2 protein chains.
Amino acid sequence: MHRKKPGIDRVFHALGDPSRRAIIEKLSEGPISVSRLAEPLNITLAAVVQHLQVLEESGLVQTEKTGRVRTCRIEPAGLSVAAEWIGDRRSTWERRLDRLGDLLAEPGEN
Amino acid sequence: MHRKKPGIDRVFHALGDPSRRAIIEKLSEGPISVSRLAEPLNITLAAVVQHLQVLEESGLVQTEKTGRVRTCRIEPAGLSVAAEWIGDRRSTWERRLDRLGDLLAEPGEN
DNA sequence: CCAATTGTCAAGTGGGTACTTAAGTAATTT
DNA sequence: AAATTACTTAAGTACCCACTTGACAATTGG
C-alpha cells in the first residue's frame, strides 16, 4: 500500500538547519570546494565538513575528492524527495476539497 | 548579515520533526481535533499541543477553539513557502545547466 | 451538581546536535 | 625538503528541543 521512505526523515532533518540550507543555496549555483563553501558562512571549516556529512548521508549532496580538494555538488534527487512529500500532502488536501465541492454542488434540495 | 525571509527558517525547522510531519499528513486529510490528532501518535497530548504551537507559529497550521474542542486545519500557504524554496534552488541549478549546455553546443560543427 | 471530556500550562529531564579547538594527514608549491 | 594548502578527525561543551509528569482550567453530558 504505502511503504515508508527512509530517506525522507534525513532529508527534512538536513533541511531543518539554516547553515545547511545556506550550503545548498550555494551549491545550487554550481560545484565548489569545501573551503570556498565555508568562506561566506561564519563557522569553522570543521563545522562545514560536519554539515556536509549530514547532507551527503541524506542524499542532498554528493562529494568527490581529487587530490587534496573535495568538490561538492548538489544531488537533485534529494530535493525531489522533499518536493514529492509536499506535493503528496497538497494533492490529498486538494482531493478532499474537490469531494467537498462535489457535495455542495450535488443536486439535493436540502 | 544576510537578510532572508524569516518564515522559511521556522517552516523548515517545523518540517524537520517526524511527529510534526505526521501531524501535517493527518491534517491534509481534513480538519480534526487535538485529541484525535494525538491518537495515532504515541506521544502524550501535551506533546502534541507543543508541536501544534510550533506548527502554528511557522504558518503551516491554523487552529480555532470552539467550546472545549480545538479544531486544527492545514494552512496551504505554509507548505508553499517550503515548496518555493525548493523550486528556487532547482531553477538556479537548471539555469546553470542550461548555460553549460549552451557553451557546449555553441561554436561548432562536430 | 458531579463527572467525564478536552485541552492548557509549568517545570524538569535526557538526548541530540551545532559548534569549537586542537592535532593530524595528505597533496601541492616553492 | 620545508612550507603551505586543504581538508580530516577527535573530543569537549553548551545549548536546544522533544517529551513527560502533574496540576489546573473550561466545557459538556447525565
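Protein chains get the first letters and strands the later ones, always in sequence-line order, with residue 1 at the start of each. On a predicted model such as this, the values are computed, not experimentally measured, just so you know. The analysis underlying the following values was restricted to heavy atoms, covering all of them including side chains, and did not include hydrogens, waters or symmetry mates.
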Rounded to the Å, how far apart are [X] [atom1] and [N] [atom2]?
X	N	atom1	atom2	answer
B:His13	D:dC16	NE2	P	11 Å
B:Asp17	D:dC17	CG	C1'	9 Å
B:Arg21	D:dA18	CZ	C1'	14 Å
B:Arg68	D:dC24	CZ	C1'	16 Å
B:Leu52	D:dC17	CG	P	17 Å

Check your understanding: Any idea which of D:dT21, D:dC19, D:dC7 is nearest the A:Arg70 side chain?
Key -> D:dC7
Hey, what do you get for [atom1] ([X]) to [atom2] ([Y]), rounding to the nearest 0.5 Å?
X	Y	atom1	atom2	answer
B:Cys72	B:Leu37	SG	CG	5.0 Å
A:Glu75	A:Ser80	CD	OG	9.0 Å
A:Arg89	B:Leu79	CZ	CG	9.0 Å

Practice item. Extract, from 5' to 3' on DNA chain C, the first and final nucleotides lying under 4.0 angstrom from some heavy atom of chain B. Key: C:dA4 to C:dA11
Exercise for review: Take B:Val34 and A:Gln50, find for each the nucleotide of DNA chain C with the closest heavy atom, and name the residue whose nucleotide sits nearer the 5' end.
Suggested key: B:Val34
**Study point:** side-chain N/O A:Ser33 vs D:dA6 OP1/OP2, d < 4.0 Å
**Key:** no
Check your understanding: With distance as the sole criterion, is a donor-acceptor pair present between the side chains of B:Trp93 and A:Glu29 under 3.5 Å?
Key -> no
Exercise for review: Please answer whether the main-chain N or O of A:Ala14 pairs with a side-chain N or O of A:Arg20 as donor and acceptor at a distance below 3.5 Å.
Suggested key: yes
Review point. Is there a donor-acceptor pair under 3.5 Å between the side chain of A:Arg21 and the backbone N or O of A:Leu15?
Key: yes
Study note, to complete from the structure: So, with a heavy-atom separation below 4.0 Å from DNA chain C, the residues of residues 36-44 of chain B are none
Revision key, fill the gap. Tightest non-hydrogen contact, residues A:Pro40 and A:Arg36, listed as CD-O, 3.4 Å
Review point. B:Ser58 and B:Val11: which non-hydrogen atoms are nearest, and at how many Å?
Key: O-CG2, 3.4 Å
Review point. Only one of A:Ile23, A:Leu27, A:Ile24, A:Ile74 clears side chain to side chain contact (heavy atoms under 4.5 Å, CB included) with A:Leu60; which?
Key: A:Ile24
